[in-house]
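In what follows, chains are A, B, ... by sequence order, proteins preceding strands, each numbered from 1.
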Amino acid sequence: MKKIFILFLIPQFIFAELVLEITKGSDDPFVIALLSFDGKKALTDEVDAIINNDLKRTGEFKIIKDEKLLSSPSNEEDINFNEFRLLGINYIVMGVLESEDKFNLSASYEIYNVVSKKKIRTSKVFGIPNKIKQLSHYISDGIYEEITGIKGVASTKILYITEIAEEKKSLYELIVADADGANEQVLLKSYEPIISPAWSPDSKQVAYVSFETGIAKVYIQDIATGKRRVAIENTKQISSPSWSPNGNFLSMTMYQDGNAEIYILNLKNNNLTRLTNHYAIDTESSWSSDGSRIMFTSGRSGSPQLYEIKLRKYNSNPERITFEGNYNAKGSYLKNGDGIIFVHRADNDFKIALKYFNENFIRPLTESKLDESPSISPNGNVIIYAVTENGESLLSGLTLSGAKFRLPAKKGEVREPAWSGFLR
Amino acid sequence: MPSINNNKAQNFLFCFSFMMILSSCSSMNVTEERVYEGGIKTVEASVAEVSELDYETKAIFANATVFFEFDSYNLTSKSIQTLKSVVSVMNQNENIKITLAGHADERGTREYNLALGQRRAESVKDYFILNGINSSKVSVKSYGEERPVASGNDEISYSKNRRVEIN
């Protein structure tokens, strides 16, 4: 009995980092034959597995691997396109992993269109052996953009906060990881809470709120050097940082007169401009991708609702944009500006919801009881958010094409994911 | 009937010619790139030492916590009872300075809850000022939902977490 138990456990343990739970995908996926890469098996197995997971996670592909194919060609001449067509396959991907020298390796891959019987892409990615994961993500993104016409996000990163309970206090960590949750690295450790992580538009800096001095303060930290500073010196608490798309401004919530109001800090000259002025709570500011609008949560109607201010209009007044329900908060604009993603309370549950500006109703996207902190991928196709279930919190994702996935569980609580810009 | 057939034929012709144009225009994509290797540095925040209150003050405020309804910062009559006794202690001892720390339950968004905790602490501060306490003796801060005292996911735990602690 014992032996059987171990056998069942080991495979799960090995793949704990990589396995993704895809609950639902697109109804009309691209069907691709993903042939195993040629090269050293120890490395190609990992490359194959990562590309497979990256593409699966988008929800837009149906992947056919070697064992289900009638043949496994390793070059163009060997491809019998009709054979692939019979299996309903649209594209064929094949590649090879080679060492360039002692410290460098490269992956060359080709994509074929089965219908036109033509090679549509030939690409080469250079990398190093201990960054084989990143190399694989680059290949996934090349495949994704070639077939869908949209830039891929497998090579992007996410920030999040973890809280690990220790004997008397909690350890808080600000973590950066690959978009699939692997390759975690700690940016900041603290025994006081860290909240509200945000990327600079060039993804080289992060802003966040740390309680290390006893009250909430916004810090800006350089990822590569670890150099950090408070965004602006002030005796009152400051929170909720959000970078303008051009990187020149940081909107924040300041508590100068006791109440939460939104200010815009010019990062070049440290000038502050007050954006809101109301006795109710105003917080959670976020910018539209063109930098012309700021959305925020305000309690001015008696319950938290989303409002927006047009920045390029003289004396612009906040306009309310959510009306359904008594709790709509932490909004972010879709990348194309067509709508917003936010946290919506339905009965007693908090869900992630979507509202298109040309529709007068909202679309709940999640089913759990306590979902929060939605963040949108830089290509606009995927939303990552935090789920709390049975007192545990972890990260989940959904794509606008209908796929849902869950990032591997970590120790402690995981929350407040924030998606980087494109890094490739 | 003939007109429909005609349409189909036209559609087919159109699609066919469109595909021909596409395939004749399409050229193969050739790319070459290198994996970006950004470094990362870990930083440890040095947490400020919180100055401990003297024993006497601690004893006076040991149970001075007031509670709130969901998404509300209004004082309840029970809260006012608690605050009344704090005011009388402060009036008897001119040297006491207090910190009001506002908190929220885990429901709703973190930043809104941080602001809500602040509003709760400000409500308590307003009460003290109305009752003759000098505002310089009262400082205010919020922990939002970050420091729960009860960890359950039920209304009883939530109601314990929606609070202002007086220290």
[X] versus chain A, the contacting section by heavy-atom distance below 4.5 Å:
X        : answer
B:Glu122 : side chain
B:Ser142 : both
B:Glu145 : side chain
B:Arg119 : side chain

Among B:Gly108, B:Gly144, B:Gly38, which has the most heavy-atom pairs under 4.5 Å with chain A? B:Gly108
Could you check which of B:Val140, B:Asn153, B:Leu114, B:Leu116 has the highest count of heavy-atom pairs closer than 4.5 Å to chain A?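 Maximum pair count with chain A is reached by B:Leu114.
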Pick one of side chain, backbone, both or neither for [X], based on which atoms fall under 4.5 Å of a heavy atom in chain B.
X        : answer
A:Asp282 : neither
A:Tyr138 : both
A:Glu110 : neither
A:Leu187 : both
A:Ile281 : both
A:Ile128 : side chain
A:Glu163 : neither
A:Thr225 : backbone

Looking at chain B, which one of [options] has the largest number of heavy-atom pairs inside 4.5 Å, strictly under?
options                                : value
A:Ser373, A:Ala329, A:Ser123           : A:Ser123
A:Ile223, A:Asn113, A:Val343           : A:Ile223
A:Leu423, A:Ile194, A:Val186, A:Asn348 : A:Val186
A:Glu173, A:Gln134, A:Gln237, A:Lys369 : A:Gln237
A:Pro304, A:Gly299, A:Ser190           : A:Pro304
A:Ser170, A:Ser196, A:Ala216, A:Ala260 : A:Ser196

Go through A:Glu284 and B:Arg110 one step at a time and tell me if the salt bridge (charged side-chain N to carboxylate O under 4.0 Å, His left out) criterion holds. CA-CA 9 Å; A:Glu284 297 176 335; B:Arg110 287 178 186 273; over 6 Å; no
Which word best sums up how the rings of B:Tyr143 and B:His103 line up, parallel for under 30°, tilted for 30 to 60°, or perpendicular for over 60°?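 Answer is parallel, since the angle falls under 30°.
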Which word best sums up how the rings of A:Tyr327 and A:Phe350 line up, parallel for under 30°, tilted for 30 to 60°, or perpendicular for over 60°?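 Geometry flag for A:Phe350 against A:Tyr327: perpendicular rings.
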Go through it in stages, so that I can follow the logic: the residues are A:Glu145 and A:Arg424, the test is salt bridge (charged side-chain N to carboxylate O under 4.0 Å, His left out), and I'd like the CA-CA distance, side-chain angles, deciding distance and then a yes or no. CA-CA 12 Å; A:Glu145 75 188 11; A:Arg424 180 173 153 260; 3.3 Å; yes
Decide yes or no on salt bridge (charged side-chain N to carboxylate O under 4.0 Å, His left out) for B:Arg147 and A:Glu192, but give the supporting numbers first. CA-CA 10 Å; B:Arg147 286 271 177 90; A:Glu192 290 289 333; 2.5 Å; yes
Check: A:Lys217 side chain, A:Lys236 main-chain N or O, donor-acceptor pair, under 3.5 Å: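 Looks like yes, one N/O pair under 3.5 Å.
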Say you draw a straight line from CG of B:Leu130 to CZ of B:Phe128; how long is it, rounded to the nearest 0.5 Å? 11.5 Å
Check the pair A:Lys124 / B:Glu32 against salt bridge (charged side-chain N to carboxylate O under 4.0 Å, His left out), numbers first and verdict last. CA-CA 5 Å; A:Lys124 193 164 188 179; B:Glu32 217 176 88; 5.9 Å; no
A:Asp178 and A:Lys157 ion-paired at < 4.0 Å: yes
Salt bridge A:Asp371-A:Lys351, side-chain N to carboxylate O under 4.0 Å: no
For the ring pair B:Phe68 and B:Tyr73, is the centre-to-centre distance below 6.0 Å?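 That pair fails the under 6.0 Å test.
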A:Tyr191 ring center within less than 6.0 Å of A:Tyr172 ring center: no
